[in-house]
Amino acid sequence: MATAGGKRRDEGSDNSDDELTPLANEIYGGSQRTVHETKGWDVFREFPPKQDSGSMESQKCLEFTVRLLKVLAYLVTFVVVLGSGVIAKGTVLFMTSQLKKDRRITFCNKNLGRDKQFLVSLPDEERVAWMWALLAAYAIPEIGTLIRSVRICFFKSSKRPTSAQFIVVFIAESLHTIGMAILFFKILPEIDVVKGAMLTNCLCIVPAILGLLSRNSRDSKRFVKVIVDMVAIVAQVTGFLVWPLSENKPVLWLIPVASLCISLGWWENYVTRQSPIGIIKSLGRIKEELNLSRYFIYRFMSVWKIMLFLVCILFAIWIDGDEPAMFFQLFNAGFGPHNIVVEEVQIQLGGTVIPDLANVTLTGDSVEIAAAHKSAFYVLLIQVFAAYFCYIFGKFACKILIQGFSYAFPINLVIPLVVNFLIAACGIRNGDNCFFHGTVPDYLFFESPPVFTLSDFISRQMAWIWLLWLLSQTWITIHIWTPKAERLASTEKLFVLPMYNGLLIDQSMALNRKRDDHKDVKTEDLAEIEKEKGDEYYETISVHTDNTGSTPKTVKSSDQITRIYACATMWHETKDEMMEFLKSILRLDEDQCARRVAQKYLRVVDPDYYEFETHIFLDDAFEISDHSDDDSQVNRFVKLLVDTIDEAASEVHQTIIRIRPPKKYPAPYGGRLTWVLPGKTKMICHLKDKAKIRHRKRWSQVMYMYYLLGHRLMELPISVDRKEVMAENTYLLTLDGDIDFQPHAVRLLIDLMKKNKNLGAACGRIHPVGSGPMVWYQMFEYAIGHWLQKATEHMIGCVLCSPGCFSLFRGKALMDDNVMKKYTLRSDEARHYVQYDQGEDRWLCTLLLQRGYRVEYSAASDAYTHCPEGFSEFYNQRRRWVPSTIANIMDLLMDYKHTIKINDNISTPYIAYQMMLMGGTILGPGTIFLMLVGAFVAAFRIDNWTSFEYNLYPILIFMFVCFTMKSEIQLLVAQILSTAYAMIMMAVIVGTALQLGEDGIGSPSAIFLIALSSSFFIAACLHPQEFWCIVPGIIYLLSIPSMYLLLILYSVINLNVVSWGTREVQTKKTKKEIEQEKKEAEEAKKKAKQKSLLGFLSGVNSNEEEGSIEFSFAGLFKCLLCTHPKGNEEKVQLLHIASTLEKLEKKMDIVERSIDPHGLNRGRKLSVGHRGSTNGDHQLDALAEGPEEEHDSDSETDTLSTVPRERRDDLINPYWIEDPELKKGEVDFLSPAELQFWKDLIDKYLYPIDANKDEQARISRDLKELRDSSVFSFFMCNALFVLIVFLLQLNKDNIHFKWPFGVKTNITYDEVSQEVTCDSTMQ
């Protein structure tokens, strides 16, 4: 093969250009390109008006907004996290200050006497209210944990834990809860708030110890880190001793107990299986197992923690000498109106400041004031919302990768700011106890520290040692400064526990944030990655990494590089559609080039770096050549693609670009064109010949799945471990030939994939593009479909369909059992044609769901695709979609038990939701019919039966037309009825509006209409960039009968039609086919003539008999005398010739089948002798008996017999490869391994299916039977539904319930004046 006029493929030849070569340079264009000379007088140019595509318009309007929002996101998140953290911590300390029994506080004398001094002691009911507030502040996050756990277990799944897992979590969480109760009900009430705030920095002792024990030999600078760990532990331990030794309060010796117990709650984040210590290894194993069973455990643990915290509160009350029942008995009094006793004290000599409230002398006078009994509730609300905002905005900062500035920094600033604010507030209050009068109740305030100077603060308040505690906490939580989680990471990847600790919000945020154990990618590693990548293609990875001949088991760093294969299926696209697609690919090429250059030359570690390659699969790419029926040439769509690429590149790069002509490869399936784009990525167009390989989209998908994942990946000579990692990071970007998108949209889908390794597919927001009423309708339909249905599926379960026009599939998921292999199944049953071939994208997603993978939706990943602009094209598209959607969802629902068991994202409630939607789809026509009946009654003031009759006739007529007439007639009738229904719907809308005016806003119709409109409007407001999609909603309302009644009927009744019905073009035919069509047309014409009256009068037997005497009258009448049959010698000869030709044809078929059993390379019968077989065998040439015998032209026969034809082989020198319109690119050949792969793949899965009339008749019968049974079931369901509802409506006076809202009419009859008064009032 190598000697046949082409050179061997050189892997480096496509990328031989230097990275810095100018794109418009003549070198890049290559010397092989024909340069068009421009005459001096012909230099004037014409440019078409510049029009931005949908994605470019969206991009431009977003650029400035995105920059502004990024800055605002940094600042707002920082301020909210810091501010809410300070408020949450301050309010908690305010609560604990009110718990101390017999606590006295100075009272403002502003309203009681300026010359007197007062103090107040809080009563028990006030203390109980604050205890309840602390309990609620602790319990609310735990209730959130309970709700989240139940939702996950209910809508998804969670594994049942082992006894060891449950015991470890139970002990740790129980001790953590006990420690919290000790700290907040025994320790903090006994010390001032400044010391209390400082003390919260000493709650990291257990994480510090576990972190030290988890260090292993692989840690860089391990010795230094161990030393710092030990210093941090010593600093934390000092917190156990400072206050107990400096304060003469025995209760403070509970500080070590509380600190140990509380810090035990964050054990999980600081253990690892890589630890050299056995017990830490065991805990690390339990930690990894908890990822599967956490939510199952915390369904019970959250309730247990609340109950245990309550028990601890009661125990603390009992320890103080009070009755625990007081906690419940004084609840109403504490949160209801009650009085506070204010007592007067003797004024001390030397000023108005009371030095020691415990030793003051009371005068005996007292006054009762009304307590601000809602204070505890208001402070609780402030604390709960502040803690929640701190958590939510902190999580937001982690998700969008602004964690350093907007998360770690404010979290570490919380305690210093709280200490400063408390010192300032307490100092002001001590100096003037009326300063906060009118803002804070005078009997409530923080437990203030004594008045001190700066030196007293440093010495007596131990500020110097508090700084050590703060620094030690910062070191123990140093991981929050260097996050390694991917963008938009899930909550489970960001935090160990699903929620937060509301009472210790800053410690919870720092210690609960997961420590990422992944190694940092350093710039020094980039050279190794570059070396391993080779020229960035799979087949070269093995060359660079496995050239020793061994099979390494170590996973290379290059295996984790994101690899994106854009796989587009094309079929009869227009130039504008190709332009949008090519510009999208070229933008991705430019983006990848920029990232590669930055990584290669600037040594930038780019977490979003990816490798990229484009594959286009062009169906039906060949047609019969113009000069001979024996050869094939590429059709006009291939030539259009070749001509369009330069124009697309010039538009993207804003300069004139001439891309090197494509390299041409003969292939067993047809051919291949390969471009090297300006960014040095490859774009490969696979030209499919339907005579050699199966056509249609599903088989193109099978081609690229098996080629990219089977041949290019699985046949690498590397270990299975490496292949698995590479498959996990390999993605197929499925595209249509008219798609328009930005690189950012693909990056968002990649983020979703990195976020969840179990994600099999992800789709974006599809925007329809075009003009006209049908496009406007689809704009609104697509909008609400994505805003409401896809978003709902994404949240409560997972998306059921990822459209093939713009979706990302994970290679590993496609390679799983019962996915890729099952996708190759040939349609042998009627149901298969509907489920497999009419909705291949949905079926592929169904296979992924049934294997346990998740499918997600990204609302921000925008793509724009051309949608049907005509009524007929739209109906034909939906005629495919509706049955395939129903078939795939029914397949999923029928197997729901297995799917729920294997797929964590699909639950019983989600299946019930889908069943409800399916029921709505099936009963949709009946519902719309009843709606029309009711609307006719309301709008035209007719009775129910008349309305029923008027609406029934058009439906029956349309069904009759669909059953008996051609598709064109059906669509015409549907269009006429849709227009009529639209006008009727307008009248109905007006009539409904008038009816609502009479019934009032409280009527069911008004409530439903308001709810429906509000849901659409709110969804539009939440998507401001797409807000104007709601405007065509009026067209949607007018089209409801057409789309939900006529379209459903059209789809179901035409269930037996399995053609696509869109983008159909007329194909070229051979001379033999044309002659055959002519003969058939003549035969049909003769038969029609014979059946006519003139044919009857002329005599039907005129060709069979002749007479000795004949006469006729103007050809109208013919009289035969002495008739006898015509001579049949000519007929006998013709029959003999036909029989001989038939025998020869059968012999040729037998020979061909013995060599090529599946008919892969037969192609057209006339091409056997001249084009050659695709496997290179030439001995079949002698079998050709000269097709010129079948031609009528002698001159043609002479030409064919005298002029020697070039012998062709479709894998060496096919005719199409010499087409000048494909430009003068190099000719190259596939490697033997790839050539054999394609032959094997075609032989096993993709050989063309021969037309078998018997089989086609069987399938046609089966499809009609499926159609008939489906229509019958569909009709019966809707008929029963309509009958039941209509009969209920007729008997509404007997069966109804009274609606409590709306307009109530009171009728008053005056007997004197005999007047009737009607008074309408709103209820």
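The residues of the chain are indexed from 1 along the displayed sequence.
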Asks: Has Phe385 got more than 12 heavy atoms of other residues, nucleotides or ligands less than 6.0 Å from its CZ?
Replies: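 No, because the 6.0 Å sphere around CZ of Phe385 holds 12 heavy atoms or fewer from other groups.
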
Asks: Under the ring pair (Phe, Tyr, Trp, His ring centres under 6.0 Å) test, which residues partner Phe936, sequence neighbours left out?
Replies: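 Phe936 satisfies ring pair (Phe, Tyr, Trp, His ring centres under 6.0 Å) with Phe940 only.
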
Asks: Could you tell me whether Tyr388 atom OH has more than 12 heavy atoms of other residues or ligands within 6.0 Å of it?
Replies: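 No, the 6.0 Å shell around OH holds no more than 12 heavy atoms from other groups.
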
Asks: Quick one: closest heavy-atom pair of Phe612 and Thr681, and the distance?
Replies: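 So the two residues come closest at O-CB, 3.7 Å.
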
Asks: Do side-chain atoms of Ser650 reach the backbone of Ile657 as a donor and acceptor pair under 3.5 angstrom?
Replies: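 Answer holds: yes.
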
Asks: Where do Trp843 and Arg698 come nearest, in terms of heavy atoms and distance?
Replies: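 Scanning both residues, the minimum pair turns out to be CZ3-NH1, 3.5 Å.
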
Asks: Please walk me through it: do Ser978 and Phe871 pass side-chain contact (heavy atoms from CB on, under 4.5 Å)?
Replies: CA-CA 10 Å; Ser978 297; Phe871 184 87; 3.6 Å; yes

Asks: In sequence, state the C-alpha distance, the side-chain angles, and the governing distance for Lys697 and Thr734, and then conclude on side-chain contact (heavy atoms from CB on, under 4.5 Å).
Replies: CA-CA 11 Å; Lys697 184 176 180 179; Thr734 62; over 6 Å; no

Asks: Show the nearest heavy-atom pair for residues Leu849 and Cys798, with the distance to one decimal.
Replies: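 Residues Leu849 and Cys798, closest heavy atoms: CD2-SG, 3.3 Å.
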
Asks: Report yes or no: do Ser490 and Asn756 form a side-chain donor-acceptor pair below 3.5 Å?
Replies: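 No, because no side-chain N or O of Ser490 sits under 3.5 Å from a partner of the opposite role on Asn756.
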
Asks: Can you tell if the side chain of His866 reaches within under 4.5 Å of the side chain of Glu580, non-hydrogen atoms only?
Replies: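 Yes, at least one pair of side-chain atoms sits under 4.5 Å.
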
Asks: Could you tell me whether the side chain of Ser884 and the main chain of Trp881 form a donor-acceptor pair under 3.5 Å?
Replies: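 Side chain of Ser884 to backbone of Trp881, a donor-acceptor pair under 3.5 Å: yes, one is there.
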
Asks: What residue among Asp643, Leu641, Leu640 forms side chain to side chain contact (heavy atoms under 4.5 Å, CB included) with Lys575?
Replies: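 Answer to the side chain to side chain contact (heavy atoms under 4.5 Å, CB included) test with Lys575 among Asp643, Leu641, Leu640: Leu640.
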
Asks: Got a second to check how far Glu856's CD is from Ser861's OG, nearest 0.5 Å?
Replies: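 Between atom CD of Glu856 and atom OG of Ser861 there are 12.5 Å.
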
Asks: Once rounded to the nearest 0.5 Å, what's the spacing between atom CZ of Arg854 and atom SG of Cys845?
Replies: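 It comes to 13.0 Å.
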
Asks: Would you say Gln838's side chain and Arg880's backbone share a donor-acceptor pair under 3.5 angstrom?
Replies: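 No, the answer is negative, given that no donor and acceptor are paired below the 3.5 Å cut-off.
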
Asks: Quick test of your reading of the model: are Lys399 and Asp751 salt-bridged, counting only N-O distances below 4.0 Å?
Replies: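 Salt bridge absent between Lys399 and Asp751.
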
Asks: Would you give the length of the straight line joining atom SG of Cys805 to atom CG of Asp841, rounded to the nearest 0.5 angstrom?
Replies: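 Rounded to the nearest 0.5 Å, the SG-CG separation comes out at 7.5 Å.
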
Asks: In chain order, what residues pass the ring pair (Phe, Tyr, Trp, His ring centres under 6.0 Å) check against Trp787, with sequence neighbours excluded?
Replies: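 Residues passing ring pair (Phe, Tyr, Trp, His ring centres under 6.0 Å) with Trp787: His1023.
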
Asks: For Gly679, is there any backbone N or O sitting under 3.5 Å from a side-chain donor or acceptor partner on Asp589?
Replies: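 Pair found, side chain donor or acceptor close to backbone of Gly679.
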
Asks: So, Tyr74 versus Phe78, ring centres under 6.0 angstrom or not?
Replies: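 Between Phe78 and Tyr74, which both carry aromatic rings, the centre distance is not below 6.0 Å.
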
Asks: Side-chain contact test, heavy atoms from C-beta onward, threshold under 4.5 Å: evaluate it for Arg879 versus Ser967 and give yes or no.
Replies: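 With C-beta onward as the side chain, the pair stays apart.
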
Asks: Would you mind reporting whether Gln742 and Asp862 have side-chain heavy atoms less than 4.5 Å apart?
Replies: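 Asp862 vs Gln742: side chains apart.
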
Asks: Does a side chain donor of either Ser807 or Ser802 reach within less than 3.5 Å of an acceptor in the other side chain?
Replies: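 Side-chain D/A pair, Ser807 to Ser802: present.
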
Asks: Less than 4.5 Å apart, any side-chain heavy atom of Val769 and any of Asp738?
Replies: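 No, side chains not in contact.
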
Asks: Tell me the closest heavy-atom pair linking Ala1020 and Ile1030, and the distance in Å.
Replies: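 Closest pair (atom of Ala1020, atom of Ile1030, distance): CB-CD1, 3.9 Å.
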
Asks: Show your working on side-chain contact (heavy atoms from CB on, under 4.5 Å) between Ile585 and Leu677 and close with a plain yes or no.
Replies: CA-CA 9 Å; Ile585 294 299; Leu677 301 180; 3.9 Å; yes

Asks: Counting only heavy atoms not in Phe1027, do more than 12 sit closer than 6.0 Å to its CZ atom?
Replies: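 Buried by this count: over 12 neighbours within 6.0 Å.
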
Asks: Is there a side-chain contact between Glu781 and Met1043, using heavy atoms and a 4.5 Å cut-off?
Replies: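 In short, these two side chains do not touch, never coming nearer than 4.5 Å.
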
Asks: With distance as the sole criterion, is a donor-acceptor pair present between the side chains of Asn905 and Tyr910 under 3.5 Å?
Replies: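 Absent: no donor and acceptor within the cut-off.
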
Asks: Could you tell me whether a side-chain N or O of Gln778 sits under 3.5 Å from a main-chain N or O of Pro868, the two making a donor and an acceptor?
Replies: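 Answer holds: yes.
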
Asks: Let's go through Tyr731 and Tyr565 carefully: what are the C-alpha distance in whole Å and the side-chain angles of both, what is the deciding distance for ring pair (Phe, Tyr, Trp, His ring centres under 6.0 Å) to 0.1 Å, and is it a yes or a no?
Replies: CA-CA 6 Å; Tyr731 306 105; Tyr565 288 108; over 10 Å; no

Asks: Do the side chains of Arg747 and His744 get nearer than 4.5 Å, heavy atoms only?
Replies: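 Answer yes - side chains close enough.
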
Asks: Measure the acute angle between the ring planes of Phe874 and Tyr777, then classify it against the limits of 30° and 60° as parallel, tilted or perpendicular.
Replies: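 Ring orientation of Phe874 relative to Tyr777: perpendicular.
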
Asks: Does any non-hydrogen side-chain atom of Met985 lie less than 4.5 Å from one of Pro1041?
Replies: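 Result yes, sub-4.5 Å side-chain heavy-atom pair found.
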
Asks: Taking the side chain as everything from C-beta on, heavy atoms only, tell me whether Tyr610 gets closer than 4.5 Å to Leu588.
Replies: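 Side-chain contact under 4.5 Å: yes.
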
Asks: If only atom types and distance count, is the side chain of His786 paired as donor or acceptor with the main-chain N or O of Tyr782 below 3.5 Å?
Replies: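 A pair under 3.5 Å: yes.
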
Asks: Between Tyr1050 and Ser1042, do the side chains contain an N or O donor and an N or O acceptor separated by less than 3.5 Å?
Replies: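 There is no such pair between these side chains.
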
Asks: Is it the case that the ring center of Tyr864 lies less than 6.0 angstrom away from the ring center of Phe741?
Replies: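 No, the ring of Phe741 stays outside the 6.0 Å limit from the ring of Tyr864, centre to centre.
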
Asks: Output the distance between atom CD1 (Ile911) and atom CD1 (Ile889), rounded to the nearest 0.5 Å.
Replies: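 Reported value, rounded in 0.5 Å steps: 10.0 Å.
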
Asks: In Å and rounded to the nearest 0.5 Å, what is the CG to CD1 distance from Leu1046 to Ile955?
Replies: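 Rounded to the nearest 0.5 Å, the CG-CD1 separation comes to 5.5 Å.
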
Asks: Do His572 and Phe637 have ring centroids that are under 6.0 Å from one another?
Replies: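 That pair passes the under 6.0 Å test.
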
Asks: Is it true that, when you exclude Met986 itself, more than 12 heavy atoms of the residues, nucleotides or ligands shown sit nearer than 6.0 Å to its CE?
Replies: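 Count not over threshold, so no.
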
Asks: Measuring from atom NE2 of His767 to atom CZ of Phe806, what distance do you get when rounded to the nearest 0.5 angstrom?
Replies: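 It is 10.0 Å, given to the nearest 0.5 Å.
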
Asks: List the steps and the verdict of side-chain contact (heavy atoms from CB on, under 4.5 Å) for Glu1026 and Arg765.
Replies: CA-CA 11 Å; Glu1026 306 167 22; Arg765 164 72 163 97; 2.9 Å; yes

Asks: What side-chain donor-acceptor pairs closer than 3.5 Å can you find for residues 919-934, not counting sequence neighbours?
Replies:
{"from": "Thr921", "atom 1": "OG1", "to": "Leu917", "atom 2": "O", "distance (Å)": "3.0"}
{"from": "Thr927", "atom 1": "OG1", "to": "Leu923", "atom 2": "O", "distance (Å)": "2.8"}

Asks: What are the two closest non-hydrogen atoms of Arg878 and Pro883, and how far apart are they?
Replies: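 What the structure gives for the nearest pair is O-CD, 4.1 Å.
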
Asks: Of all heavy-atom pairs between Tyr875 and Leu971, which one has the smallest distance, and what is that distance?
Replies: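 Where Tyr875 meets Leu971 most closely, the heavy atoms are CB-CD2, 3.5 Å.
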
